[in-house]
Amino acid sequence: MPPSKRAVAVWDGLNERQREYMRVIYEHDQAAEKLWKGAWGRGETPPPASEWRWLEYGNVGGLAQLGKLQSALQRRGVRDPGAGSTLEALQGRGLIETREKPALLGGYRLEVKLTTLGRAACRAGGLDPDRALAPRRGLLSEALWAMLVDVHAAGPEGLRVKWANGPWERLLGRAPDPFVAETPADGGEFGPWLLRLTDAGRAHYAANWRGYARLYPGVNAPDPDGALVWPVEIDRELRRLREAPWPATALLKETRAELARLDEQPGGQMVEVPADRGGLARIAARRNKAAAAYGVAVAQAADRYRAVLEEQAAELVELRWQGIARYAAAATAVVNAAVAGTSLTAALEEDPGPVVWPWAPDVPVTGLPEVDESLTRAHPMAKPKQPSRKRRPARACGGEDGASVEEDKGTRLLRYAMELEGLVAGGKLVRLMMRDRSR
């Protein structure tokens, strides 16, 4: 269901600093929810939500290390002496609760908890576009809808499953008309089974497909009328473009490892010349002369080999850069085409041509606030986060395996393009926009 008018009004009344605090708190709240809701599957007994909803903010007025929320706010650049007043403002609006506990090193330990209104306001602000909305009465949960989609996609041949109990019983035994029917796959009495949609299941799918698309944008459900929601060729081509730089990356890693081994090649073994002038001294001298000549030969051969490897490494870096640039340009063009409703195939045909590094395409604008903010933060040309004092300088100024600053930006561009690809995969962005228009 759409967010309440109160939640929307509360979110709209926050300034950007307050929203950033709410983003951080909401992210940690949802991480805790995911952790403890999976406790039963790990064989653990979760504490009540009234306990795990409380989040560690950190010490106030003491000398202890930063807490989790303090650290996250510092990484976002919004932790300063005004943090206390910001938390008070959020608490005054009923979005969070706070409590204090004694701290060992002076001051007190502060904990923060989102209220129900706080979570509703975050979702109203688009902080969790992937989260399923609450289904209307008579509609399935996201998990059951995904299962029904699998059966629908299997068609008349049926979906083969080893077991048809557990969650499947919610669809097989649905009263008065089951959505799914089971038949033995191999004639056996105890399975495996073939699952097919019943008339009631097909009717429910057709009548509610659009509503489910808005509720659960992460579920790739085919249009019941056969209309093409998202061409599989688009996902296939983006995946091919993503994988294209991998061979160059792997060979580049091997080349750098070989260059490192060149520095460890031993020369001829030298021996100590005896102090006397006898035969042992002459033998040692001749041996050392031969060893020195061998060392020169090895060094010359190593220098020639090094020159070849360094030239090859430069070519591989360029190949990797151009491959990543092509992938990022294509992913950006597909997002823009999905938003504008233009040809996706034509978007894939756009080619940035040779680019001068560092380079990145412009951030697409989807009109979905949290999606656009996330893409803007992930963009390689976004202002980098300031490294903490504890971070090693090498990590702050370069990539791994001796990579340059430009190459590190190439890695950031690759990750950013993967985020774009994940946004559109299977038509997810289309369904997110359907949800947005329905509000």
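- To the nearest 0.5 angstrom, Ile324 atom CD1 is 6.0 Å from Thr411 atom OG1.
- The main-chain N or O of Val112 is never found under 3.5 Å from a side-chain atom of Glu97 such that the two would form a donor-acceptor pair.
- Side chain of Glu254 to main chain of Leu251: no donor-acceptor pair is present (N/O by atom type, distance under 3.5 Å, no hydrogens or angles).
- Residues Arg431 and Tyr216 share a closest heavy-atom pair of NE-O, 4.3 Å.
- When all heavy atoms of Asp177 and Ala200 are compared, the closest pair comes out as CB-CB, 3.6 Å.
- In the model, Asn220 has no side-chain atom that pairs as donor or acceptor with a side-chain atom of Trp230 under 3.5 Å.
- In this structure, Ala338 and Leu429 approach most closely via the heavy-atom pair CB-CD2, 4.0 Å.
- The side-chain contact (heavy atoms from CB on, under 4.5 Å) search around Asp362 returns none, not counting sequence neighbours.
- Side chain of Asn336 to main chain of Pro364: no donor-acceptor pair is present (N/O by atom type, distance under 3.5 Å, no hydrogens or angles).
- Side-chain contact check for Trp359 versus Pro352: some heavy-atom pair is nearer than 4.5 Å.
- In summary, Arg240 and Glu233 do not engage in a salt bridge, as defined by a charged side-chain N under 4.0 Å from a carboxylate O.
- Interatomic distance, Leu73 CG to Leu87 CG, rounded to the nearest 0.5 Å: 7.5 Å.
- Salt-bridge formation is detected for the pair Arg242/Glu421: a Lys NZ or Arg NE/NH1/NH2 atom is positioned less than 4.0 Å from an Asp or Glu carboxylate oxygen.
- Across all non-hydrogen atoms, the minimal contact from Arg19 to Trp11 is NH2-O, 3.2 Å.
- Salt-bridge annotation for Glu111 and Lys113: absent, with no side-chain N of the basic residue lying under 4.0 Å from a carboxylate O of the acidic one.
- Asn59 places no side-chain N or O within 3.5 Å of a backbone atom of Arg109 that could act as its donor or acceptor partner.
- A salt bridge is defined here as a Lys NZ or Arg NE, NH1 or NH2 lying under 4.0 Å from an Asp or Glu carboxylate O, and Arg53 with Glu33 meets this definition.
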Report the C-alpha distance between Leu194 and Glu182 in whole Å, list the side-chain angles of each, state the deciding distance to 0.1 Å, and finish with yes or no for side chain to side chain contact (heavy atoms under 4.5 Å, CB included).
CA-CA 6 Å; Leu194 287 177; Glu182 61 179 340; over 6 Å; no
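- A donor and an acceptor atom, one from each side chain of Tyr305 and Glu258, are located under 3.5 Å apart.
- Two residues are said to be in side-chain contact when any heavy atoms from C-beta on lie closer than 4.5 Å; Val334 and Ile234 meet this criterion.
- Without hydrogens or angle criteria, Asn15 side chain to Gln18 main chain gives a donor-acceptor distance under 3.5 Å.
- Residues Leu319 and Pro245 are not in side-chain contact: their nearest non-hydrogen atoms beyond the backbone lie 4.5 Å or more apart.
- For the residue pair Tyr327 and Leu238, the shortest heavy atom distance occurs at CE1-O, 3.5 Å.
- Salt bridge annotation for Glu20-Arg23: present, with a cationic side-chain nitrogen under 4.0 angstrom from a carboxylate oxygen.
- Leu259 and Glu310 get closest at one heavy-atom pair: CD2-CG, 4.0 Å.
- Under a 3.5 Å cut-off, the side chain of Thr115 and the backbone N or O of Gly94 do form a donor-acceptor pair.
- Of the possible donor and acceptor atoms, none in the side chain of Asp372 sits under 3.5 Å from a partner among the backbone N and O of Val365.
- Between the CG atom in Leu55 and the NZ atom in Lys68 there is a gap of 9.0 Å [rounded to 0.5 Å].
- A heavy-atom distance below 4.5 Å is found between the side chains of Leu140 and Phe179.
- One distance of note links CD of Glu311 with CD of Glu315; it measures 5.0 Å at 0.5 Å rounding.
- Ring pair Tyr416/His379 is perpendicular by interplanar angle, where above 60° counts as perpendicular and below 30° as parallel.
- Within a 6.0 Å sphere centred on CZ of Arg196, heavy atoms belonging to other residues, nucleotides or ligands number more than 12.
- More than 12 heavy atoms of other residues, nucleotides or ligands shown are found within 6.0 angstrom of CZ on Arg17.
- Within the 4.5 Å cutoff, side-chain heavy atoms of Trp168 are placed close to those of Leu159.
- Shown here are the ring-ring contact (aromatic ring centres under 6.0 Å, His included) partners of His152, two or more places apart in sequence or in another chain: Tyr205.
- A distance of 9.5 Å separates CG in Leu309 from CZ in Arg261, rounded to the nearest 0.5 Å.
- Taking 4.5 Å as the limit, some side-chain heavy atom of Leu14 sits within range of a side-chain heavy atom of Met22.
- In this structure, Glu419 and Ser374 have side chains that are in contact, with non-hydrogen atoms separated by less than 4.5 Å.
- Judged purely by distance below 3.5 Å, without hydrogens or angles, the side chains of Gln74 and Gln70 never pair a donor atom with an acceptor atom.
- At a threshold of 4.5 Å between non-hydrogen side-chain atoms, the residues Leu375 and Leu423 count as touching.
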As a quick check of understanding, evaluate side chain to side chain contact (heavy atoms under 4.5 Å, CB included) for Leu197 and Leu148, giving each step before the final call.
CA-CA 8 Å; Leu197 289 186; Leu148 193 71; 3.4 Å; yes
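- Not a single donor-acceptor pair under 3.5 Å links the side chain of Thr255 to the backbone N or O of Ala313.
- At least one test fails for Arg160 against the ring of Trp193: distance under 6.0 Å to the centre or angle within 45° of the axis.
- No donor-acceptor pair closer than 3.5 Å links the side chain of Tyr26 to the backbone N or O of Gly118.
- Side-chain rings of His28 and Tyr57 stay apart, their centers remaining 6.0 Å or farther from each other.
- Rounding to the nearest 0.5 angstrom, the gap separating the CG atom in Leu114 from the CG atom in Asp29 is 4.5 Å.
- In this structure, Tyr212 contributes its side chain and Leu139 its backbone to no donor-acceptor pair below 3.5 Å.
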